[in-house]
Novice: 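Would you mind keeping the following structure in view while I ask a few things?
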Number of protein chains: 2
Amino acid sequence: MEPGSTRISQLRRGVLEHCVLALLSEEPLYGFDLVRRLGDVDGLVTSEGTIYPLLSRLRRDGWVTTTWQESESGPPRRYYALTTEGRRVLRAFAEEWVRFRDSVDLLLLKGTT
Amino acid sequence: MEPGSTRISQLRRGVLEHCVLALLSEEPLYGFDLVRRLGDVDGLVTSEGTIYPLLSRLRRDGWVTTTWQESESGPPRRYYALTTEGRRVLRAFAEEWVRFRDSVDLLLLKGTT
DNA sequence: ACTCGGTACCTTGCGCCACATGGAACCGGG
DNA sequence: CCCGGTTCCATGTGGCGCAAGGTACCGAGT
């Protein structure tokens with residue numbers, strides 16, 4: 001399938017990023033683990049080709065810091081942890097999301113019930 | 001501001017399209033009117049530069065049909081009406097949206113309450 | 001030793017779509 | 001006779017999710 005063409009993948013735009021922040025708000029995690037965890041969530045299944053560029057952006061924007069840690073089961077892991085700015089962004093998005101979600105719900109589920 | 005760069009505009013991706021379908025599911029509407037109606041909805045404010053290419057895609061995909069109608073207040077209006085296929089797509093997306101929304105809610109609003 | 005699957009990191013190129021910008025034409029009122 | 005409101009459209013840009021492909025480490029099996 002052509003990249004970025006499915007309807008559901010359009011949906012994830014701008015949301016996935018903040019779902020990662022939400023996961024990191026509980027504990028530092030590494031990329032490969034994030035892919036696995038998101039893989040368990042309906043509608044948020046993703047791949048390494050999405051996660052790593054995304055994590056780079058988070059780093060670039062100063063929303064996360066990273067630390068390398070040895071692994072017993074493979075190459076070293078890069079753990080990502082939220083910065084104060086990252087937490088602020090997450091909180092702000094959570095509010096924005098609620099407003100957006102309610103608007104879409106209102107339009108979309110009016111006649112459907 | 002650079003086009004498509006704001007965080008909120010990423011959110012609208014793939015959603016706006018189906019919100020338009022939802023609006024059309026009640027009655028045929030024309031482009032300029034759609035911009036006005038979406039302008040009243042928090043988080044879905046958009047512009048003609050977004051709506052008209054979007055409507056072209058809906059037409060291309062056979063989800064809508066159009067009819068021209070004279071206007072007393074300006075140039076003729078192009079009214080868009082849902083096809084059977086369009087209604088099917090809308091119903092399918094509504095289900096997909098609920099699943100997606102619930103997943104995001106779960107991740108995003110876990111610690112925020 | 002050698003391969004093989006699992007783990008773990010990364011880059012590159014593509015396609016989609018929201019948006020800014022700008023253009024055209026119609027109308028009514030000052 | 002111009003100007004704001006209405007109504008349609010096309011073009012170019014930027015961001016991001018994704019497929020594809022590459023590198024390297026580990027343990028287990030042959």
Side-chain angles (χ1 to χ4, degrees), chain A residues 1-21 28-39 41 43-61 66-80 100 104, chain B residues 1-21 28-39 41 43-61 66-80 100 104:
Chain A
M1 182 145 9
E2 314 89 51
S5 70
T6 60
R7 187 139 43 262
I8 184 73
S9 80
Q10 292 297 326
L11 253 193
R12 282 189 271 272
R13 291 208 169 219
V15 178
L16 204 54
E17 195 175 356
H18 297 89
C19 287
V20 167
L21 290 183
L29 298 170
Y30 59 98
F32 198 76
D33 195 22
L34 278 165
V35 173
R36 268 193 309 233
R37 290 178 188 239
L38 290 170
V41 184
L44 292 177
V45 184
T46 186
S47 70
E48 303 173 57
T50 298
I51 278 295
Y52 288 115
L54 186 156
L55 289 171
S56 290
R57 291 196 304 270
L58 298 187
R59 224 177 336 140
R60 182 199 62 193
D61 295 341
T66 73
T67 53
W68 289 91
Q69 221 158 308
E70 299 287 325
S71 163
E72 296 174 356
S73 56
R77 299 165 174 169
R78 188 174 211 170
Y79 279 84
Y80 292 77
F100 177 76
V104 176
Chain B
M1 186 155 357
E2 313 90 49
S5 71
T6 60
R7 187 135 42 259
I8 185 72
S9 80
Q10 292 296 327
L11 252 192
R12 282 188 271 272
R13 289 210 167 218
V15 177
L16 204 53
E17 194 175 356
H18 297 89
C19 286
V20 167
L21 290 184
L29 297 170
Y30 59 98
F32 198 76
D33 196 20
L34 279 165
V35 173
R36 268 192 308 231
R37 290 181 187 238
L38 289 170
V41 184
L44 292 176
V45 184
T46 187
S47 70
E48 304 173 56
T50 298
I51 278 295
Y52 288 113
L54 187 157
L55 289 171
S56 289
R57 290 196 305 269
L58 299 187
R59 222 176 337 141
R60 180 198 64 192
D61 296 340
T66 72
T67 52
W68 289 91
Q69 220 157 311
E70 300 287 326
S71 163
E72 296 175 357
S73 55
R77 302 166 174 168
R78 188 174 210 171
Y79 278 84
Y80 291 78
F100 177 76
V104 177

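Every chain is numbered from 1 and lettered A, B, ... according to where its sequence line falls, protein lines coming before strand lines.
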Novice: Would you mind telling me which residue lines up with the more 5' stretch of DNA chain D, A/Leu54 or B/Leu55, judged by nearest nucleotide?
Specialist: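 Comparing both residues, the 5'-ward one is B/Leu55.
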
Novice: Please determine whether a side-chain nitrogen or oxygen atom of B/Ser73 lies at a distance below 4.0 Å from atom OP1 or OP2 of D/dT7.
Specialist: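 Answer is yes, contact under 4.0 Å.
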
Novice: Taking atom P of C/dT7 as reference, at what distance in whole Å does atom CD1 of A/Ile51 sit?
Specialist: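 It works out to 16 Å between those atoms.
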
Novice: Looking at A/Arg12, I'd like to know whether one of its side-chain N or O atoms comes within less than 4.0 Å of OP1 or OP2 on D/dG17.
Specialist: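 False: A/Arg12 side-chain N/O out of range (4.0 Å or more) of D/dG17 OP1/OP2.
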
Novice: Rounded to whole Å, how long is the line connecting atom CZ of B/Phe32 with atom C1' of C/dC26?
Specialist: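 Spelled out: CZ on B/Phe32 to C1' on C/dC26 is 13 Å.
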
Novice: Under a 3.5 Å distance rule, please check whether A/Ser56 uses its side chain to pair with a backbone N or O of A/Tyr52 as donor and acceptor.
Specialist: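 Side chain of A/Ser56 to backbone of A/Tyr52, a donor-acceptor pair under 3.5 Å: yes, one is there.
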
Novice: A/Gln10 has an atom CD; how far is it from atom C1' of C/dG15, in whole Å?
Specialist: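 It is 9 Å, rounded to the nearest whole Å.
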
Novice: Rounding to a whole Å, what distance do you find between B/Tyr52:OH and D/dT7:P?
Specialist: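 Distance check: B/Tyr52 OH to D/dT7 P gives 8 Å.
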
Novice: To the side chain of A/Arg36, which of C/dA20, D/dC8, C/dT7 is closest?
Specialist: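 Nearest nucleotide to the side chain: C/dT7.
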
Novice: For the side chain of A/Arg57, starting at C-beta, report the closest nucleotide among D/dG17, D/dC8, C/dC17.
Specialist: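 Out of D/dG17, D/dC8, C/dC17, the nucleotide with an atom closest to A/Arg57's side chain is D/dG17.
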
Novice: Would you find a donor on one side and an acceptor on the other, under 3.5 Å apart, between the side chain of B/Arg13 and the backbone of A/Ser9?
Specialist: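 Not at all, since once roles are kept as given, no pair shorter than 3.5 Å links the two residues.
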
Novice: Can you check whether A/Arg13 has a side-chain N or O nearer than 4.0 Å to OP1 or OP2 of C/dC17?
Specialist: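 No, no such contact exists.
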
Novice: Between A/Pro76 and A/Gly49, name the one whose nearest nucleotide on DNA chain C is closer to the 5' end.
Specialist: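 Counting from the 5' end, the first nearest nucleotide belongs to A/Pro76.
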
Novice: Taking the minimum atom-to-atom distance to the side chain of B/Pro53, which one of C/dC17, C/dT7, C/dC19 wins?
Specialist: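 Given the options C/dC17, C/dT7, C/dC19, the side chain of B/Pro53 is closest to C/dC19.
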
Novice: Calculate the interatomic distance between B/Glu70 atom CD and C/dG28 atom P; express it in whole Å.
Specialist: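 It is 12 Å, rounded to the nearest whole Å.
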
Novice: Drop me the distance from B/Glu17's CD to B/Thr50's OG1, to the nearest 0.5 angstrom.
Specialist: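 Those atoms lie 12.0 Å apart.
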
Novice: Using OP1 and OP2 only, check whether a side-chain N or O of A/Thr6 sits under 4.0 Å from D/dC18.
Specialist: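 So the side chain of A/Thr6 is outside the cut-off, no N or O lying under 4.0 Å from OP1 or OP2 of D/dC18.
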
Novice: Would you give the length of the straight line joining atom CG of A/Leu44 to atom CZ of A/Arg37, rounded to the nearest 0.5 angstrom?
Specialist: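 Here the rounded value is 14.0 Å.
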
Novice: With a 4.0 Å limit, can you tell me whether A/Arg78 has a side-chain N or O closer than that to the phosphate oxygens OP1/OP2 of C/dC10?
Specialist: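 For A/Arg78, the contact criterion (side-chain N or O under 4.0 Å from OP1 or OP2 of C/dC10) is met.
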
Novice: Check whether the side chain of A/Glu72 and the base of D/dC26 form a donor-acceptor pair under 3.5 Å.
Specialist: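 Looking at the base of D/dC26, it does not pair with any donor or acceptor on the side chain of A/Glu72 (distance under 3.5 Å).
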
Novice: For the pair made of CG in B/Leu34 and P in C/dC19, what is the distance, rounded to whole Å?
Specialist: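 Rounding to the nearest Å, CG of B/Leu34 and P of C/dC19 are 14 Å apart.
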
Novice: Using atom CG of B/Leu29 as one end and atom P of D/dC8 as the other, report the distance to the nearest whole Å.
Specialist: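 Spelled out: CG on B/Leu29 to P on D/dC8 is 11 Å.
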
Novice: B/Ser71 side chain N/O closer than 4.0 Å to the phosphate oxygens (OP1, OP2) of D/dT7?
Specialist: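 For D/dT7, OP1 or OP2 has a side-chain N or O of B/Ser71 closer than 4.0 Å.
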
Novice: Would you confirm whether B/Arg78, through its side chain, and B/Thr66, through its main-chain N or O, come within 3.5 Å as a donor-acceptor pair?
Specialist: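 Not a single qualifying donor-acceptor pair exists.
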
Novice: One thing to verify: whether B/Asp61 and B/Arg57 come together as a salt bridge, which I'm taking to mean a side-chain N less than 4.0 angstrom from a carboxylate O.
Specialist: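 No.
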
Novice: Name the residue closer to the 5' end of DNA chain D, choosing between B/Tyr30 and B/Thr50 according to the nucleotide with the nearest heavy atom.
Specialist: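 The residue mapped nearer the 5' terminus is B/Tyr30.
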
Novice: Report which part of the nucleic acid B/Gly31 touches: base, sugar-phosphate, or nothing (heavy-atom distance under 4.0 Å, all strands).
Specialist: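 The answer is sugar-phosphate, as B/Gly31 gets under 4.0 Å only of primed atoms, P, OP1 or OP2.
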
Novice: Which whole-number value in Å describes the distance from B/Gln69 CD to D/dT7 P?
Specialist: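 For the pair B/Gln69 CD and D/dT7 P, the rounded distance is 12 Å.
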
Novice: Between C/dC19 and B/Thr46, is there an OP1 or OP2 to side-chain N/O distance shorter than 4.0 Å?
Specialist: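 Answer is yes, contact under 4.0 Å.
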
Novice: If you check every side-chain atom of A/Trp68, which of D/dC8, D/dG15, C/dC10 has the closest atom?
Specialist: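 Side chain of A/Trp68 sits closest to C/dC10.
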
